Protein chains: 2
Amino acid sequence: MKTFNQYQNPALAIDLVVFGYHDTDLFLLLLNRKEEPFKGSWTLPGAFLQMDELFRDTCIRVLKTKLGMANLYLEQLYSFDEMKRDPRGRVISVTYYALINPKKFEVVAGKMANDVKWFKTGKIPNLGFDHEGIFKKALQRLKSKILYYPVGFELLDEEFTMTELHELYESILGIHLDRRNFRRKILDSVYIVPTGTKREGLQNRHPDLYKFNKQLQANKFHLNIDL
Amino acid sequence: MKTFNQYQNPALAIDLVVFGYHDTDLFLLLLNRKEEPFKGSWTLPGAFLQMDELFRDTCIRVLKTKLGMANLYLEQLYSFDEMKRDPRGRVISVTYYALINPKKFEVVAGKMANDVKWFKTGKIPNLGFDHEGIFKKALQRLKSKILYYPVGFELLDEEFTMTELHELYESILGIHLDRRNFRRKILDSVYIVPTGTKREGLQNRHPDLYKFNKQLQANKFHLNIDL
DNA sequence: TCAAAAGTGTTTGTACTACACCCATGC
DNA sequence: GCATGGGTGTAGTACAAACACTTTTGA
């Protein structure tokens, strides 16, 4: 059995679209580049794949070493192959998107205090490389995914109120959803279960708390919305 | 601006899941390998990405040179990164799936007569590499895609009858769909348009012919089926 | 005139939409 | 007791499912 030649392969980068959610707004995590190309521009975090790494390992390495994050929702998005997407040469980018609860992973101040920042997804600056296209594709994916798969919980606290879940959906989809119909739809599925406790210390009525139903096998949930 | 090192990148292969449809059956195109590894096994057609090629170019090259096909529906499926998926070394595989009408591209007899063959998707032999997983993922994608996007037309003739379209859907989804409800649903969307002609020369009533509505912009078609 | 497949319509149930009132809490 | 947000129910509508008869054709 011959082994093939391993020269002349394009470089392989992994780029990450990291979504966070806080206070009714969806955020995107961006890095300010300190090197050419696109020095000074905001870009998606990423790294080149090491020979002994799986894609997912690279994602975790990026998130951990650069951002101090770990253990979050990761899903492969798409692979980008445009010839001129990196001015340094041919680079294929395999992209993933991640969902995190920013509360759990405060971006630590330090040498990179100004290098890493959350941006509201409605107000993204010009991005380096082809990262704007990647971000848009990720947002689109998130929107369609959330319609039929319980993906939003990664963005919330372990326990959450119906209103929080509702606002999350409205924020991601960018549309208004009737509060009462949303509640019924979610509860009719076996999507979430009540914890039996209520959120305390609010100025008004204390709302019920829920958590994600991890036992969920066959999930019949489906929001019927045209994007 | 530094240029990065281009050594030590994994090899990058493009593998193709080619679907064909004929006579109420969905088929998969497979290649019989004449070299190690997996000599004698059936595998998905594929090739290594050339430095000056886009993914899509590689797909077309494979389909054209090996199979004499061109101009078909192509969509990126997923990128596979398992460490041991190729015994020769680290190979990343970016996969695409294709839909073709086998009538238009008869696999030509010749030196590769026994090397290229259509298999019913219900009776796939053991495949080399991790190609069984790739095929399964492609089939899953096709099933969910066909529910909301007019993807099936690539598999049929330019003009087709309602029954043919109906049987195609049943065959891909693997379930029974009520003939009359299917017809109504399809016609209520602006999915297809009648050509005004009928299929002639049949033993029984001559069915109306339709074609895909290429003007279709906002497509509200959606089959509400849990897979 | 018969067999085989194609065309058509109605009824029934279910699911989504829209909408308004009462309840619990802290100030 | 009042302002604020949370919890609940219902009537109307639209869509999906189930289902049967008539029509066209070649043999």
Side-chain angles (χ1 to χ4, degrees), chain A residues 23-25 146-148 156-157 159-171 173 175-211 218-227, chain B residues 23-25 144 146-148 156-157 159-171 173-211 218-227:
Chain A
D23 197 23
T24 77
D25 276 309
I146 205 176
L147 295 181
Y148 64 92
L156 296 174
D157 292 345
E159 302 195 336
F160 50 88
T161 67
M162 187 60 75
T163 300
E164 286 161 2
L165 186 61
H166 176 224
E167 285 172 340
L168 171 66
Y169 269 74
E170 288 195 331
S171 171
L173 294 173
I175 58 173
H176 170 77
L177 299 168
D178 183 88
R179 180 171 70 90
R180 292 151 291 186
N181 293 338
F182 178 81
R183 157 185 284 267
R184 175 163 357 123
K185 186 105 191 191
I186 291 283
L187 287 176
D188 283 353
S189 74
V190 208
Y191 213 68
I192 63 175
V193 289
T195 63
T197 57
K198 291 172 187 294
R199 169 146 301 157
E200 307 287 340
L202 298 179
Q203 195 157 2
N204 34 28
R205 183 169 182 171
H206 295 177
D208 296 341
L209 286 168
Y210 298 88
K211 58 181 179 182
N219 177 20
K220 300 231 169 182
F221 178 73
H222 183 249
L223 276 179
N224 212 15
I225 288 163
D226 286 329
L227 293 178
Chain B
D23 196 21
T24 76
D25 276 310
S144 47
I146 205 174
L147 296 181
Y148 65 92
L156 296 174
D157 293 346
E159 302 195 338
F160 50 87
T161 67
M162 187 61 74
T163 300
E164 285 161 2
L165 185 61
H166 177 226
E167 285 172 340
L168 171 66
Y169 269 74
E170 287 195 332
S171 172
L173 295 172
I175 58 174
H176 170 77
L177 299 169
D178 183 88
R179 182 171 68 90
R180 293 150 291 184
N181 292 337
F182 178 81
R183 158 186 283 267
R184 183 187 4 242
K185 186 106 190 190
I186 291 281
L187 288 176
D188 282 353
S189 74
V190 208
Y191 214 67
I192 61 175
V193 288
T195 64
T197 57
K198 291 171 186 293
R199 170 146 302 157
E200 307 287 340
L202 299 177
Q203 195 157 1
N204 36 27
R205 183 169 182 169
H206 295 177
D208 294 342
L209 286 168
Y210 297 88
K211 58 182 178 182
N219 178 20
K220 300 230 167 177
F221 179 74
H222 183 247
L223 277 177
N224 211 16
I225 289 163
D226 287 328
L227 292 177

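These numbers come from a predicted model, not from an experiment.
We find the CD-CZ distance between B/Glu170 and B/Arg179 to be 11.0 Å, quoted to the nearest 0.5 Å. The distance from atom CE of A/Met162 to atom CZ of A/Arg180, rounded to the nearest 0.5 Å, is 14.0 Å. For the atom pair B/Leu173 CG and B/Leu147 CG, the distance stands at 5.5 Å (nearest 0.5 Å). Here the CZ atom belonging to A/Arg183 is positioned 14.5 Å from the CG atom belonging to A/Leu177, to the nearest 0.5 angstrom.
When the C1' atom of D/dG7 is taken as reference, atom CD1 of A/Ile186 falls 16 Å away, rounded to whole Å. Rounded to whole Å, the distance from CZ on B/Phe160 to P on C/dA6 is 14 Å. The distance from atom CZ of A/Phe182 to atom P of C/dT17 is 13 Å, rounded to the nearest whole Å. Spacing between atom CG of B/Leu187 and atom C1' of C/dA6 amounts to 13 Å, rounded to whole angstrom units. Distance, A/Asp226 CG to C/dT17 C1': 15 Å, rounded to whole Å. For the pair A/His166 NE2 and D/dG7 C1', the interatomic distance rounds to 14 Å; values are reported in whole Å. The interatomic distance linking A/Arg183 (CZ) with D/dG5 (P) rounds to 16 Å, in whole Å.
Under the 3.5 Å distance criterion, with hydrogens and angles disregarded, no donor-acceptor pair is assigned to the side chains of A/Thr163 and A/Thr161.
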Could you pull out the protein-nucleic contacts involving nucleotides 24-27 of chain D (nitrogen or oxygen on both sides, under 3.5 Å)?
| from | atom 1 | to | atom 2 | distance (Å) |
| --- | --- | --- | --- | --- |
| D/dT24 | O2 | B/Arg205 | N | 3.3 |
| D/dT25 | O3' | B/His206 | NE2 | 3.3 |
| D/dT25 | O2 | B/Gln203 | O | 3.2 |
| D/dG26 | O4' | B/Gln203 | O | 2.6 |

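Residue-level contact check: B/Thr161 touches neither bases nor backbone, having no heavy atom under 4.0 Å from any strand.
Screening B/Glu159, B/His206, B/Glu164 for a side-chain hydrogen bond (donor to acceptor under 3.5 Å, both in side chains) involving B/Arg199 leaves a single residue, B/Glu164.
Inter-residue side-chain proximity for B/Ile192 and B/Phe160 is flagged as met; some heavy-atom pair is nearer than 4.5 Å. With contacts defined as side-chain heavy-atom distances shorter than 4.5 Å, the pair B/Phe221/B/Ile186 qualifies.
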### Message
Each nucleotide in nucleotides 9-19 of chain D should get exactly one letter: B, S or -. Can you fill that in based on protein heavy atoms under 4.0 Å?
### Response
BB-----SBBB
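When the nearest nucleotides of DNA chain C are assigned to A/Glu200 and A/Arg179 by heavy-atom distance, the more 5′-ward of the two goes with A/Arg179.
With sequence neighbours left out, B/Lys198 forms a side chain to side chain donor-acceptor pair (under 3.5 Å) with B/Asp208.
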